[in-house]
A.B. asks: 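This structure is in structure tokens; I'll ask about it shortly.
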Amino acid sequence: MTSSDRSQAVGVNKSYEIRTYGCQMNVHDSERLSGLLEEAGYVPAAKDGEGADVVVFNTCAVRENADNRLYGNLGQLAPKKAARPGMQIAVGGCLAQKDRDTIVKKAPWVDVVFGTHNIGKLPVLLERARIQEEAQVEIAESLEAFPSTLPTRRESAYAAWVSVSVGCNNTCTFCIVPALRGKEKDRRPGDILAEVEALVAEGVSEITLLGQNVNAYGSDIGDREAFSKLLRACGKIEGLERVRFTSPHPRDFTDDVIAAMAETPNVMPQLHMPLQSGSDRVLRAMRRSYRQDRFLGIIEKVRAAMPDAAISTDIIVGFPGETEEDFEQTLHTVRESRFAQAFTFQYSKRPGTPAADMAGQIPKAVVQERYERLVALQEEISWAENKKQVGRTLEVLVAEGEGRKDDATRRLSGRARDNRLVHFTRPQEPVRPGDMVTVEVTYAAPHHLLAEGAALAVRRTRAGDAWEKRNAAPAEKPQGVLLGLPTIGAPAPAPAPTAGCGCD
């Protein structure tokens, strides 16, 4: 979609709110939707969203109750829209791609339905719905424009997502993502690096390379080592301090990627490696193309190359047909892997997936009991691994919004190089999100570290300058995109996931 196409829709003086559900890819898409709307003249609504002229739902379809959640939220907006002439509601994302016309039938007050492949059309569709006074449903079957070519309104001034690919070529039986986002499509390396360089020029110091199966990058362009080359190329970008990526797949995790991580100083010693199950039998039923030995072998190689690496994972409990013996194999793999954190999920039927119709669906009470045992084990391991950090000196990237109690405790919060969350005593000198603070860890909890002494050093950065510049003009600060998603490595204490779809 060209800029002239987008300019047809003008929302001068109209406000917008975006409600985001699901994985990091949806978060990234919502930043693009914000950019598109602001380029078309819309402005972010107040944080409560009560006065938004346009409300956009960027949906997820990986949970069994995703549609109930959407229609419940749409129902709450119906009387508000009836009382406010000119208000518009749009639904996009994976659920829109899947349900299409169903959304308008169940919620006829919705103005626009768009899919995962044509997010760039949102402003035009809103304007068309306003002029024609009827719902616009437009679902593209293939990608119209790579999301990273669209305008962006990023939530953070110092950290950014950079998409390297969209779609997925895997056929995991519990996952509907390939059906909704299509086959993997890779960006050209030069385009990715150009975006990273532009972000660094704006003050960004940390980027996260994003893909549904990020380390399969290169399969679409015929280069099996393309991802490791991309990591090394990021290491040559001056001013880029931290590089992360999510989420890889054990099948495609090769030795050259491990070497690139270990040998590239700004690639962080942190890895999110989805396990899903430790049972070979269940992995086979999930159509996961690795087995327990292969997974543990990767963990061993990563630790040999990077002894201090923090490794996190995704695990599904109660997959159809899972026996107690299968579950014990998962517990064994968790004990051997010594994950820093784990996102643990109770299996939930994904409508449209093979697993939803499999025999041997596990009773809820059994799934809950296994889930609680897994959480207890991982809690014990996370705490033990964090205790090893006590006495260590860490450089922390000061973050915004990571510490909910920071004001009460007079502390600041941020992420260490290995992505562990660190709460630390506020230095006497001014410190901004994006700056670096060196601290000594004095206490460890299962899900965070504490540095109670005075900061050992404070380094003001260009990223902090960028944050300060953005906040000097509060009217320009985006408030519409809800990005309250845990960072990879943060705990997922409740059964329903919010940090990811568990599909990698």
Side-chain angles (χ1 to χ4, degrees), residues 21-23 60-70 72 94-95 98 170-177 247 249-250 272-288 290-292 295 312-337 339 341-383 446-447 485-486 488 490-504:
Y21 306 99
C23 66
C60 173
V62 301
R63 302 297 291 178
E64 186 176 18
N65 63 350
D67 54 348
N68 293 332
R69 185 180 185 186
L70 171 65
C94 290
L95 192 62
K98 182 173 77 74
N170 294 318
T171 57
C172 302
T173 55
F174 55 80
C175 183
I176 199 170
V177 168
S247 285
H249 191 295
H272 184 75
M273 179 66 74
L275 168 64
Q276 308 303 4
S277 174
S279 162
D280 289 354
R281 195 184 67 82
V282 173
L283 288 171
R284 191 176 297 110
M286 289 178 167
R287 215 176 287 160
R288 302 284 286 180
Y290 58 89
R291 301 296 176 257
Q292 183 191 107
F295 186 91
S312 57
T313 197
D314 293 334
I315 301 173
I316 297 173
V317 178
F319 188 80
E322 180 188 74
T323 65
E324 179 63 22
E325 182 180 358
D326 292 324
F327 180 65
E328 287 293 339
Q329 287 299 308
T330 295
L331 296 180
H332 168 73
T333 309
V334 169
R335 293 188 189 99
E336 291 293 311
S337 299
F339 297 117
Q341 298 288 356
F343 292 103
T344 50
F345 304 85
Q346 294 189 25
Y347 172 75
S348 173
K349 288 183 178 180
R350 275 84 161 171
T353 64
D357 300 319
M358 284 183 175
Q361 302 286 329
I362 310 298
K364 171 66 176 176
V366 175
V367 177
Q368 181 68 33
E369 189 273 337
R370 290 177 183 171
Y371 174 82
E372 291 174 359
R373 284 158 58 194
L374 174 60
V375 169
L377 173 61
Q378 182 56 52
E379 193 92 349
E380 176 186 323
I381 293 172
S382 294
W383 200 358
H447 306 303
L485 300 171
I488 289 299
T498 56
C501 62
C503 57
D504 297 301

A.B. asks: Evaluate Y347 against V367 for side chain to side chain contact (heavy atoms under 4.5 Å, CB included), listing each step before the verdict.
C.D. replies: CA-CA 8 Å; Y347 172 75; V367 177; 5.6 Å; no
A.B. asks: Does the pair Q368 and E372 meet the rule for a side-chain hydrogen bond (donor to acceptor under 3.5 Å, both in side chains), with working shown?
C.D. replies: CA-CA 6 Å; Q368 181 68 33; E372 291 174 359; 2.9 Å; yes
A.B. asks: Who pairs with S382 by side chain to side chain contact (heavy atoms under 4.5 Å, CB included), at least two apart in sequence or on another chain?
C.D. replies: Q341, Q378
A.B. asks: Between the side chain of T313 and the main-chain N/O of M273, is any donor-acceptor distance below 3.5 Å?
C.D. replies: yes
A.B. asks: For E322, is there an ion pair with R370 - N to carboxylate O distance below 4.0 angstrom?
C.D. replies: yes
A.B. asks: Could you tell me the separation between the CD1 atom of I316 and the OG1 atom of T330, rounded to the nearest 0.5 Å?
C.D. replies: 10.0 Å
A.B. asks: Take a 6.0 Å sphere around CD of E324 and say whether it holds more than 12 heavy atoms from other residues, nucleotides or ligands.
C.D. replies: yes
A.B. asks: Search all heavy atoms of F174 against all heavy atoms of R350 and return the closest pair with its distance.
C.D. replies: O-CD, 3.0 Å
A.B. asks: Do V317 and F327 come within less than 4.5 Å of each other through their side chains, counting heavy atoms only?
C.D. replies: yes
A.B. asks: Taking all heavy atoms of A285 and all of F319, pick out the closest pair and write down the distance.
C.D. replies: CB-CE2, 3.9 Å
A.B. asks: Is it true that E328 and R373 have a side-chain N and a carboxylate O under 4.0 angstrom from each other?
C.D. replies: yes
A.B. asks: Within a 6.0 Å radius of atom CD on E369, are there more than 12 heavy atoms belonging to other residues, nucleotides or ligands?
C.D. replies: yes
A.B. asks: Let me see the working for S312 and H272 under side chain to side chain contact (heavy atoms under 4.5 Å, CB included), right down to the final yes or no.
C.D. replies: CA-CA 5 Å; S312 57; H272 184 75; 2.8 Å; yes
A.B. asks: Give the minimum heavy-atom separation between P274 and P250, together with the two atoms involved.
C.D. replies: O-CG, 3.5 Å
A.B. asks: Which heavy atom in S279 sits nearest to a heavy atom in D326, and how many Å separate them?
C.D. replies: OG-OD1, 2.8 Å
A.B. asks: Mind checking the CD1-CG spacing from I315 to L374? Nearest 0.5 Å is all I need.
C.D. replies: 5.0 Å
A.B. asks: Would you call M286 and C172 a side-chain contact if the rule is heavy atoms closer than 4.5 Å?
C.D. replies: no
A.B. asks: From R288 CZ over to N170 CG, what is the distance, rounded to the nearest 0.5 angstrom?
C.D. replies: 7.0 Å
A.B. asks: With no hydrogens and no angle check, is any side-chain donor or acceptor of R335 less than 3.5 Å from a backbone partner on L377?
C.D. replies: no
A.B. asks: Do Y371 and T344 make a side-chain contact, defined as non-hydrogen atoms from C-beta onward lying under 4.5 Å apart?
C.D. replies: yes
A.B. asks: Please check if the side chain of Q292 supplies one atom and the backbone of D280 the other of a donor-acceptor pair under 3.5 Å.
C.D. replies: no
A.B. asks: Classify the ring geometry between F295 and Y290 as parallel (under 30°), tilted (30 to 60°) or perpendicular (over 60°).
C.D. replies: tilted
A.B. asks: So, for C175 and T353, which heavy atoms are closest and what is the spacing to 0.1 Å?
C.D. replies: C-CG2, 3.6 Å
A.B. asks: Using every non-hydrogen atom in the two residues, find where I362 and G318 come nearest and quote the distance to one decimal.
C.D. replies: CG1-O, 3.5 Å
